[in-house]
There are 2 protein chains.
Amino acid sequence: MPGRCRKGAKKWWHNEFRGCGYRITIPRQIILEVLDKSEGHLSAEDIFLKVHKVYPAIGLATVYRTLELLVNMGLVFKFDFGDGRARYELARGAKEPSHHHHLICTNCGRIIDYTDFIDEEIELIKKTEKELSQKYNFAIKNHTIQFYGLCDRCSGDKK
Amino acid sequence: MPGRCRKGAKKWWHNEFRGCGYRITIPRQIILEVLDKSEGHLSAEDIFLKVHKVYPAIGLATVYRTLELLVNMGLVFKFDFGDGRARYELARGAKEPSHHHHLICTNCGRIIDYTDFIDEEIELIKKTEKELSQKYNFAIKNHTIQFYGLCDRCSGDKK
DNA sequence: TATGTTAATGGTAATCATTATCAATAAGAA
DNA sequence: TTCTTATTGATAATGATTACCATTAACATA
Ligand SMILES: [Mn+2]
Ligand SMILES: [Mn+2]
Ligand SMILES: [Zn+2]
Ligand SMILES: [Zn+2]
């Protein structure tokens with residue numbers, strides 16, 4: 001098993017923290033591990049509960065603080081899908097790159113990740129970013145794209 | 001001057017309301033007028049204050065209720081730009097079509113609307129919507145696109 | 001490895017945007 | 001004009017997120 005403290009088992013985010021002068025603490029490591037293992041759209045409380053199983057001493061306030069830090073560092077994305085609480089997901093997984101866009105059902109709230117962009121899509125995003133960058137003198141770091149509508153289960157109900 | 005109650009001065013949204021069986025009330029009319037006159041990214045309280053000047057009897061709860069209604073009707077978009085309160089804007093203005101995307105400065109919170117899409121952009125959105133619609137059997141109604149980064153004023157500070 | 005500085009933490013109270021409640025009001029059909 | 005009931009305004013309640021502060025533990029240094 002990949003023990004948390006095994007010698008030489010430095011995780012990929014250690015450098016990110018060191019570079020910013022942030023300390024690598026138990027809570028931060030566990031929160032990142034939880035994010036890395038779980039998939040998609042966890043609320044702060046979801047994360048707190050998962051973290052709590054591994055290490056019950058970690059408080060909810062720390063979860064919020066750490067998430068804010070991770071968002072500022074660009075390691076985590078924060079989303080609002082309209083259910084009154086923020087949702088978080090790792091910006092880039094350890095393994096596969098995880099950038100994706102969202103389909104959101106306005107009826108049942110279901111969220112579909114899609115990463116199977118059509119060919120032109122990636123190309124256009126780059127092009128648009130470049131154009132906007134110079135037109136508005138804006139240094140673009142990332143983007144979010146969401147489509148709203150009715151999922152298959154819901155499109156029967158409301159026409 | 002375009003008086004609110006002049007005979008025959010029916011606003012464009014009257015039909016929308018009638019079609020859904022909703023009553024056309026003073027508060028709803030004033031809220032829509034305020035949205036129509038003002039531009040961009042107002043919070044519920046912003047709207048409440050503007051509405052209050054015109055008609056002080058209207059309560060904050062009504063503003064929230066009406067905005068929710070308008071969002072559900074598709075007349076208004078609701079955004080979260082990360083400052084802890086929802087922001088609203090009219091989906092389609094009376095005059096110009098107002099669909100646009102956003103550039104958001106992660107440092108100072110400034111928001112830039114852009115509507116000067118590059119040619120391919122509109123084309124691609126349509127194409128993507130069509131493709132996603134059939135792949136995920138999802139009836140797409142609309143979308144949001146936001147780019148995050150540093151605005152001109154802020155890109156000096158943080159490199 | 002022991003020590004000192006101070007960033008980080010955990011528990012909890014406070015904040016504040018949004019919702020729920022409910023008696024009173026006014027749209028709009030008849 | 002009358003009647004039905006959707007809508008309203010005032011206010012209390014909710015609930016996610018933040019602020020606070022005494023305590024702890026990273027980690028640079030000796
Ligand atoms: Mn996702
Ligand atoms: Mn806008
Ligand atoms: Zn659905
Ligand atoms: Zn800025």
Side-chain angles (χ1 to χ4, degrees), chain A residues 4-5 7 10-11 13-32 41-49 51-73 76 78-88 109, chain B residues 4-5 7 10-11 13-32 41-49 51-73 76 78-88 109:
Chain A
R4 188 176 321 121
C5 301
K7 205 171 170 183
K10 291 242 171 61
K11 298 289 188 172
W13 59 72
H14 279 214
N15 292 329
E16 300 274 356
F17 273 78
R18 282 286 154 63
C20 298
Y22 297 135
R23 294 180 181 176
I24 296 169
T25 67
I26 308 268
R28 286 174 178 175
Q29 294 186 73
I30 296 181
I31 288 168
L32 274 162
H41 320 137
L42 292 85
S43 68
E45 198 182 357
D46 290 338
I47 295 166
F48 169 70
L49 291 174
V51 161
H52 190 265
K53 285 182 192 158
V54 181
Y55 202 99
I58 296 171
L60 179 58
T62 298
V63 172
Y64 273 105
R65 272 186 303 239
T66 302
L67 287 171
E68 193 196 356
L69 184 74
L70 295 173
V71 168
N72 286 337
M73 292 173 71
V76 164
K78 181 179 184 178
F79 289 101
D80 169 47
F81 294 129
D83 66 341
R85 67 201 65 191
R87 301 276 168 180
Y88 301 86
Chain B
R4 187 177 320 122
C5 300
K7 206 171 170 185
K10 291 242 172 61
K11 298 289 189 174
W13 59 73
H14 279 216
N15 292 327
E16 300 275 355
F17 273 79
R18 282 287 156 60
C20 299
Y22 299 133
R23 294 181 181 176
I24 296 170
T25 66
I26 309 269
R28 287 174 178 175
Q29 294 186 74
I30 295 182
I31 289 167
L32 275 162
H41 321 137
L42 292 84
S43 69
E45 198 183 354
D46 291 338
I47 295 166
F48 169 69
L49 291 174
V51 161
H52 190 266
K53 285 181 192 159
V54 181
Y55 203 98
I58 296 172
L60 179 57
T62 298
V63 172
Y64 272 106
R65 272 186 302 238
T66 302
L67 287 171
E68 193 196 355
L69 183 74
L70 296 174
V71 168
N72 287 335
M73 292 174 71
V76 163
K78 181 180 184 179
F79 290 101
D80 169 47
F81 294 129
D83 65 341
R85 68 201 63 193
R87 300 277 168 180
Y88 301 86

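In what follows, chains carry the letters A, B, and so on, assigned in the order in which the sequence lines appear, proteins first and then strands, with residues in each chain numbered from 1. It should be emphasised that the depicted structure is a prediction, and the values quoted were computed from it without experimental measurement.
Between the CZ atom of B/F48 and the C1' atom of D/dT8 there is a distance of 13 Å, rounded to whole Å. Between B/D46 atom CG and C/dT18 atom P the separation is 11 Å, expressed in whole Å. As a whole-Å value, the separation of B/I30 CD1 from D/dG9 C1' is 14 Å. The CD1-C1' distance, from B/I24 to C/dG28, rounds to 10 Å in whole Å. Atom CG in B/D83 sits roughly 11 Å away from atom P in D/dT18 (whole-Å rounding). For B/N72 and D/dT7, the CG to P distance is 13 Å, given to the nearest whole Å. One atom, CZ of A/F17, and another, C1' of D/dC27, lie 15 Å apart when rounded to the nearest Å. Following rounding to the nearest Å, A/R85 (CZ) and D/dT14 (C1') show an atom-to-atom distance of 12 Å.
The salt bridge (charged side-chain N to carboxylate O under 4.0 Å, His left out) search around A/D46 returns A/R87, not counting sequence neighbours. With sequence neighbours left out, the side-chain contact (heavy atoms from CB on, under 4.5 Å) criterion links A/F48 to A/H52, A/L60, A/V63. In terms of the side-chain contact (heavy atoms from CB on, under 4.5 Å) criterion, residue partners of B/E68 (sequence neighbours excluded) are, by chain and number, B/N72. For B/E45, the salt bridge (charged side-chain N to carboxylate O under 4.0 Å, His left out) criterion is met by no residue, not counting sequence neighbours. Residues passing the side-chain contact (heavy atoms from CB on, under 4.5 Å) test with A/T25, sequence neighbours excluded: A/R23, A/P27, A/R28.
The distance from atom CG of A/L32 to atom CG of A/L67, rounded to the nearest 0.5 Å, is 9.0 Å.
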Which parts of nucleotides 1-14 of chain C does protein reach within less than 4.0 Å, heavy atoms only, written one letter per nucleotide 5' to 3' as B for base, S for sugar-phosphate only and - for none?
-----BBSBBBB--
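Within the structure, a side-chain polar atom (N or O) of A/Y64 is placed less than 4.0 Å from OP1 or OP2 of D/dT17.
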